[in-house]
Amino acid sequence: MINFLDKGIRGIGIFLFALIVILTLVQVSSRLIGSPVQGTDEAVRFLFVWMVFLGIAYGMRNKVHIEVDFFISRFSETIQFWLTLFNHLLMIVYTVVIVYQGYFVTEVMGNQLAPISRIPMSYIFAAIPIGASLLLIYIILSAIETIKERKR
């Protein structure tokens with residue numbers, strides 16, 4: 001199940017990135033010929049928001065986020081373990097707040113329409129609770145992996 005989720009997020013991220021590149025090329029090319037295509041800049045911004053929030057979760061799963069371990073590495077392995085778990089706990093609490101507030105913002109934005117495409121802005125803001133929910137899953141999995149590694 002998790003492997004399917006990993007592949008799905010990666011595939012969607014690649015698709016969104018490719019679409020952003022294509023739309024940006026279309027926008028730049030159409031400006032050069034003097035007939036800009038309407039809405040491509042808005043679409044690129046919206047796709048970028050989704051790509052970022054999915055990418056945050058994907059980055060957590062693959063442990064590619066910046067980690068400053070200068071201080072932690074100076075402690076014993078036992079203290080490092082507990083500090084890592086505490087870090088996971090803090091991330092879980094913070095991410096739960098983001099999911100909750102993101103859901104609230106998504107509901108509020110349901111009545112507002114995008115200026116050019118006229119789609120509900122809730123479709124764009126839904127990236128917040130969805131991306132944060134995926135991040136929450138991956139943080140919990142990372143905490144479980146930390147505990148399993150400690151038992152070995």
Side-chain angles (χ1 to χ4, degrees), residues 1-28 39-115 117 119-152:
M1 176 68 175
I2 295 301
N3 201 16
F4 175 77
L5 188 61
D6 295 343
K7 288 180 182 179
I9 292 173
R10 184 173 188 266
I12 291 169
I14 290 169
F15 174 75
L16 292 175
F17 183 73
L19 202 52
I20 287 169
V21 169
I22 290 167
L23 288 174
T24 302
L25 287 172
V26 167
Q27 178 66 12
V28 170
T40 52
D41 54 338
E42 182 180 80
V44 166
R45 273 185 273 131
F46 295 164
L47 293 171
F48 187 73
V49 168
W50 272 94
M51 188 178 72
V52 165
F53 277 96
L54 293 176
I56 291 169
Y58 187 76
M60 180 67 193
R61 178 63 175 162
N62 292 293
K63 300 181 186 338
V64 295
H65 289 295
I66 295 173
E67 182 178 329
V68 181
D69 61 354
F70 177 74
F71 295 109
I72 292 177
S73 63
R74 297 180 182 270
F75 293 108
S76 68
E77 284 189 26
T78 303
I79 293 174
Q80 287 180 26
F81 169 75
W82 288 108
L83 286 173
T84 301
L85 281 184
F86 181 69
N87 182 37
H88 281 92
L89 178 64
L90 289 177
M91 288 191 297
I92 288 169
V93 169
Y94 178 72
T95 305
V96 166
V97 171
I98 292 174
V99 170
Y100 176 76
Q101 292 298 322
Y103 177 76
F104 176 72
V105 169
T106 302
E107 274 190 338
V108 170
M109 297 306 291
N111 295 330
Q112 185 175 350
L113 300 177
S117 62
I119 62 171
M121 290 299 291
S122 60
Y123 293 171
I124 311 314
F125 281 87
I128 299 170
I130 292 172
S133 296
L134 293 169
L135 177 61
L136 184 60
I137 291 168
Y138 287 140
I139 292 169
I140 293 168
L141 287 175
S142 180
I144 292 169
E145 288 171 3
T146 301
I147 293 168
K148 284 182 180 179
E149 285 176 10
R150 173 76 172 162
K151 289 183 179 180
R152 288 186 216 160

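FYI, side chains are in, hydrogens and waters are out, and symmetry mates aren't considered; it's all heavy atoms of this structure. Numbering of residues begins at 1 and proceeds along the displayed sequence.
Put simply, the side chain of S122 never gets that close to the backbone of M109: no donor and acceptor are under 3.5 Å apart. Here the side chain of E42 pairs no donor or acceptor atom with the backbone of A114 at under 3.5 angstrom.
Within the 4.5 Å cutoff, no side-chain heavy atoms of L47 are placed close to those of F17. Counting heavy atoms from C-beta on, the side chains of T106 and I130 never come closer than 4.5 Å. I79 is not listed as a side-chain neighbour of W82, based on a closest heavy-atom distance of 4.5 Å or more. At a threshold of 4.5 Å between non-hydrogen side-chain atoms, the residues Q27 and V44 do not count as touching.
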Item to complete: Before giving the answer on side chain to side chain donor-acceptor pair (under 3.5 Å), spell out for N62 and Y138 the whole-Å C-alpha distance, their side-chain angles and the decisive distance to 0.1 Å.
Response: CA-CA 9 Å; N62 292 293; Y138 287 140; over 6 Å; no

Item to complete: I would like to know whether T78 and R150 meet side chain to side chain contact (heavy atoms under 4.5 Å, CB included); could you show each step before the answer?
Response: CA-CA 9 Å; T78 303; R150 173 76 172 162; 3.3 Å; yes

Worksheet item: Between F48 and L16, is a side chain to side chain contact (heavy atoms under 4.5 Å, CB included) present by the stated rule, with each step listed?
Response: CA-CA 8 Å; F48 187 73; L16 292 175; over 6 Å; no

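L85 and A143 make their closest contact through CD2-O, 4.1 Å (heavy atoms, listed as atom of the first residue, atom of the second, distance). Of all non-hydrogen atoms in I9 and L54, the two that sit nearest each other are CG2-O, 3.7 Å. Scanning all heavy atoms of the two residues, the minimum distance from F81 to T146 falls at CE1-O, 3.8 Å. L135 and M60 get closest at one heavy-atom pair: CD1-CB, 3.5 Å. Residues G110 and P120 share a closest heavy-atom pair of O-CB, 4.0 Å. When every heavy atom of S117 is checked against every heavy atom of F46, the shortest pair comes out as OG-CE1, 4.3 Å.
I128 CD1 to W50 CH2: the interatomic distance, rounded to the nearest 0.5 Å, is 9.5 Å. The line from CZ of F104 to CZ of F125 is 12.5 Å long, rounded to the nearest 0.5 Å. Note that the CZ atom of R45 and the CG atom of L23 stand 12.0 Å from one another [nearest 0.5 Å]. Rounding to the nearest 0.5 Å places OH of Y58 at 13.0 Å from CG of L134.
Surrounding OH of Y103 are at most 12 heavy atoms belonging to other residues, nucleotides or ligands under 6.0 Å away. Under a cut-off of 6.0 angstrom, the local environment of NZ in K7 is sparse, with at most 12 non-hydrogen atoms contributed by other residues, nucleotides or ligands.
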Please output the side-chain donor-acceptor pairs of residues 86-101 that fall under 3.5 Å, not counting sequence neighbours, one pair per line with the distance.
{"residue": "H88", "atom": "ND1", "partner": "T84", "partner atom": "O", "Å": "2.7"}
{"residue": "H88", "atom": "NE2", "partner": "S142", "partner atom": "OG", "Å": "2.8"}
{"residue": "T95", "atom": "OG1", "partner": "M91", "partner atom": "O", "Å": "2.6"}

